[in-house]
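No experiment lies behind these values; they were computed from the predicted model shown. Values below: all heavy atoms of this structure, side chains included; hydrogens, waters and symmetry mates excluded. Residue indices begin at 1 and follow the sequence shown.
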Amino acid sequence: MAKRVDTYFVDDLTDERDESVKERVISLDSRRVVIDLGDDSYAELEEKLAPYFAAGRSGRAAAPRKAARTTSDVTTVEPTTSEIRAWAKRRRIKVAARGRIPAVLREQYIADHMNAA
């Protein structure tokens, strides 16, 4: 007698089989749930939550973000303040440990990195 066992993943929201189904963790206040969602269901969840994430702030330390700026077909990545401070320190340029980076220093950093590329 042969025995065959098939394992497949089912989206908890749609009850459909989908190879893209992954375990997702959702947490709100003290409630935490684990749900199996496919890519389409997860994209729908992200879309519905996007305004809340955009309006909120992180509850814990997050990695520094790099702002992307798009001009026509060119996308540039703005350096973080910590990257500029570290660069200035290596070059023995005075810069405050906290606060806003002067525009002149930011421009020097960008020019230096454009010349290096």
Side-chain angles (χ1 to χ4, degrees):
M1 177 169 115
K3 188 177 197 179
R4 179 178 169 179
V5 177
D6 291 325
T7 302
Y8 55 91
F9 296 98
V10 176
D11 187 306
D12 288 339
L13 193 62
T14 64
D15 268 345
E16 294 177 0
R17 287 188 194 184
D18 190 344
E19 293 201 15
S20 69
V21 171
K22 293 180 189 163
E23 208 173 69
R24 314 291 181 148
V25 178
I26 304 171
S27 179
L28 180 64
D29 289 333
S30 60
R31 294 173 44 202
R32 181 179 181 270
V33 296
V34 178
I35 187 168
D36 298 327
L37 295 175
D39 290 342
D40 292 340
S41 294
Y42 188 68
E44 184 180 334
L45 175 65
E46 282 185 316
E47 183 180 321
K48 287 181 180 178
L49 292 176
Y52 299 95
F53 279 102
R57 60 187 177 278
S58 179
R60 59 183 165 174
R65 289 188 334 198
K66 290 188 176 188
R69 180 176 45 187
T70 304
T71 308
S72 65
D73 291 338
V74 178
T75 301
T76 60
V77 177
E78 292 292 323
T80 63
T81 55
S82 58
E83 289 171 330
I84 296 172
R85 282 190 174 89
W87 168 84
K89 186 176 180 180
R90 288 191 303 271
R91 282 157 184 74
R92 299 180 186 199
I93 300 171
K94 279 191 171 185
V95 62
R98 298 178 64 185
R100 192 175 184 138
I101 299 287
V104 172
L105 188 59
R106 183 177 295 276
E107 290 168 8
Q108 287 176 342
Y109 174 89
I110 291 170
D112 186 51
H113 282 76
M114 286 180 70
N115 291 335

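The side chain to side chain donor-acceptor pair (under 3.5 Å) test applied to Glu16 returns no partner, not counting sequence neighbours. Applying the side chain to side chain contact (heavy atoms under 4.5 Å, CB included) rule to Phe53 yields the partners Leu49; only residues at least two apart in sequence or on another chain are considered. For the side chain to side chain donor-acceptor pair (under 3.5 Å) test, residues two or more places apart in sequence or in another chain that qualify with Ser20 are Asp18.
Atom CD1 in Ile101 sits 13.0 Å away from atom CD in Glu107 (nearest 0.5 Å).
Residues Pro79 and Glu83 share a closest heavy-atom pair of CA-OE1, 3.3 Å. The nearest pair of heavy atoms linking Arg98 to Arg85 is C-NH2, 3.1 Å. The two atoms that bring Leu13 and Leu37 nearest to each other are CB-CD2, 4.0 Å, heavy atoms only.
Through side-chain heavy atoms spaced under 4.5 Å, either directly or across other Ile, Leu, Val, Met, Phe, Trp or Tyr residues, Val25 is tied to Val34.
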Please output the side-chain donor-acceptor pairs of residues 86-96 that fall under 3.5 Å, not counting sequence neighbours, one pair per line with the distance.
| unit_1 | atom_1 | unit_2 | atom_2 | d |
| --- | --- | --- | --- | --- |
| Trp87 | NE1 | Asp112 | OD2 | 2.8 |
| Arg91 | NH1 | Trp87 | O | 3.4 |
| Arg91 | NH2 | Asp112 | OD2 | 3.1 |

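Within a 6.0 Å radius of CD in Glu23, other residues, nucleotides and ligands contribute 12 heavy atoms or fewer.
Contact annotation: the side chain of Thr81 approaches that of Arg106 to within less than 4.5 Å [non-hydrogen atoms, C-beta and beyond].
Within the structure, side chain to side chain donor-acceptor pair (under 3.5 Å) contacts touching residues 30-42 (residues at least two apart or in different chains) are Asp11-Ser41.
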